[in-house]
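Here the structure is laid out as structure tokens; the discussion comes afterwards.
Just the heavy atoms: all of them, side chains too, but no hydrogens, waters or symmetry mates, feed the values below. Chain naming here is simple, since letters A, B, ... match the order of the sequence lines and numbering starts at 1 in each.
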Number of protein chains: 2
Amino acid sequence: MEVSRDQLLHNGYHCAVEATIDIIGGKWKSVILYHLMSGKKRFNELRKLIPGVTQRMLTLQLRELERDGIIHREIYKQVPPKVEYSLSDFGESIVPVIELMMKWGNEHLDDILSAREKAETEATETPQLRYTTK
Amino acid sequence: MEVSRDQLLHNGYHCAVEATIDIIGGKWKSVILYHLMSGKKRFNELRKLIPGVTQRMLTLQLRELERDGIIHREIYKQVPPKVEYSLSDFGESIVPVIELMMKWGNEHLDDILSAREKAETEATETPQLRYTTK
DNA sequence: CGGGATCCAAGAGGATACTG
DNA sequence: CAGTATCCTCTTGGATCCCG
């Protein structure tokens, strides 16, 4: 099923992958979705599962995922408060993408790191001759 | 094949999807890769294929993809210059991920847009009562 | 043609303090 | 517990001009 070019242009996307990366491309979104794949999680659970994320950032990314209809936010009116995040039905549809990303990451992490390491050493050795080389 | 937790921690990643999104998560990277899937492209070809990207941004994103070993940069020493970008063998391995993202985007673009539209109207109607609702 | 260099505006993101 | 609010910094990204 193809999406018409007009519709894509009208909404600012010129390519379908652009829309997808807009949904899951946030710095922490894919990781959040990964952890929600295994079931609903509370706010502080996610904080612990995602070292490095700040409270503010986690909140912001969760808000965007909620706005896009990917996750559901369940508030229990009690003291102390309890909020649970879970994938919506729509969010479940993106699970295969996350799973494939995880699979690729696991299989190629070493390649990524060695490529970066190599690039770093070359950068210090050879300052700038992007045009003159080769 | 699993990656050990120590290795992930050592390199700053706590989750395999984090590594993947680090590679393709740039604003234009997934779109660039999408266009390179169908064959090598020259710099200005990519510019035309990706409306909205600036020259500077295209250059920067291409550099990062090159650094990570995803794409190859072939320079033809001639006047005027000619540079062709293509997927490396490593880059080819990520094609299924891009394809799945495109598939998902095509199938769910409408859902995304309607969710955002809904969120926008609700935001103007109901200012802020995230805790008091429900 | 395919960039690099520079300047500047906007947004992402961190730290800290406070709250229902 | 699960945020919000504020301030401040650093990075992203656009515009423009120049170069091999």
Side-chain angles (χ1 to χ4, degrees), chain A residues 12 18 21-32 35-36 40-67 71-86 123 126-134, chain B residues 12 18 21-32 35-36 40-67 71-86 123 126-134:
Chain A
E18 215 176 327
I21 207 66
D22 208 22
I23 298 292
I24 60 171
K27 192 172 181 184
W28 305 102
K29 288 184 186 177
S30 57
V31 189
I32 293 172
H35 287 298
L36 291 183
K40 55 175 62 172
K41 299 279 182 300
R42 296 183 61 171
F43 186 82
N44 275 352
E45 273 187 275
L46 287 171
R47 282 190 70 179
K48 282 166 203 159
L49 287 168
I50 311 175
V53 75
T54 61
Q55 190 179 41
R56 173 188 145 92
M57 273 295 98
L58 183 55
T59 303
L60 288 174
Q61 302 271 293
L62 286 168
R63 291 291 170 279
E64 289 186 22
L65 288 170
E66 187 192 1
R67 180 203 59 185
I71 63 173
H72 176 66
R73 183 173 181 259
E74 184 78 36
I75 307 151
Y76 296 82
K77 297 205 72 177
Q78 60 184 47
V79 181
K82 176 178 169 183
V83 178
E84 279 180 347
Y85 293 92
S86 56
T126 321
Q128 268 117 313
L129 11 140
R130 296 199 60 82
Y131 260 100
T132 43
T133 22
K134 186 178 179 64
Chain B
E18 214 175 327
I21 207 65
D22 210 20
I23 299 291
I24 61 171
K27 192 173 181 183
W28 305 103
K29 288 184 187 177
S30 57
V31 189
I32 293 171
H35 288 297
L36 291 182
K40 55 175 64 173
K41 299 277 183 300
R42 295 182 61 170
F43 186 81
N44 276 351
E45 273 188 275
L46 287 172
R47 281 191 72 180
K48 282 167 202 158
L49 287 169
I50 311 175
V53 75
T54 61
Q55 188 180 43
R56 174 188 146 93
M57 276 299 106
L58 183 55
T59 302
L60 288 175
Q61 301 273 292
L62 286 168
R63 289 293 169 280
E64 288 188 22
L65 288 170
E66 187 192 1
R67 179 203 59 185
I71 63 172
H72 176 66
R73 183 174 182 258
E74 185 79 35
I75 307 152
Y76 296 82
K77 297 205 73 177
Q78 59 185 47
V79 181
K82 176 178 169 183
V83 178
E84 279 181 346
Y85 293 93
S86 56
T126 320
Q128 270 116 311
L129 11 141
R130 296 199 59 83
Y131 260 99
T132 44
T133 22
K134 186 181 179 69

>> By nearest atom, which of the nucleotides dG13(D), dA17(C), dG4(C) is closest to the Lys27(B) side chain?
In response: dG13(D)
> From the list dG13(D), dA17(C), dG14(C), which nucleotide is the closest neighbour of the side chain of Gln61(B)?
Replying inline: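 Output: dG13(D).
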Tell me whether the OP1 or OP2 atom of [N] has a side-chain N or O from [X] closer than 4.0 Å.
X: Tyr85(B); N: dC1(C); result: no
X: Arg73(B); N: dG3(C); result: yes
X: Arg42(B); N: dC1(C); result: no

Without decimals, in angstroms, what is the distance between [X] [atom1] and [N] [atom2]?
X: Arg47(B); N: dC1(C); atom1: CZ; atom2: P; value: 10 Å
X: Ile50(A); N: dG14(C); atom1: CD1; atom2: P; value: 13 Å
X: Leu60(A); N: dG11(C); atom1: CG; atom2: P; value: 14 Å
X: Met57(B); N: dG11(C); atom1: CE; atom2: P; value: 15 Å
X: Glu45(B); N: dG3(C); atom1: CD; atom2: P; value: 13 Å
X: Ile75(B); N: dG2(C); atom1: CD1; atom2: P; value: 12 Å
X: Asp22(A); N: dA12(C); atom1: CG; atom2: C1'; value: 15 Å
X: Arg63(A); N: dA12(C); atom1: CZ; atom2: P; value: 16 Å

>> Both Phe43(A) and Thr54(B) contact DNA chain D. Which one's nearest nucleotide lies toward the 5' end?
In response: Phe43(A)
>> Using the rule side-chain contact (heavy atoms from CB on, under 4.5 Å), only one of His72(B), Lys41(B), Glu74(B) pairs with Ser86(B); which is it?
In response: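 So the option named by the test is His72(B).
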> For Leu46(A), which of Val31(A), Val53(A), Leu36(A) qualifies under side-chain contact (heavy atoms from CB on, under 4.5 Å)?
Replying inline: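 The passing option is Leu36(A).
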>> Can you work out whether Gly52(A) or Gln55(A) has the more 5'-proximal nearest nucleotide on DNA chain C?
In response: Gly52(A)
> What does Arg56(B) touch in the nucleic acid at a heavy-atom separation under 4.0 angstrom: a base, only the sugar-phosphate, or nothing?
Replying inline: base
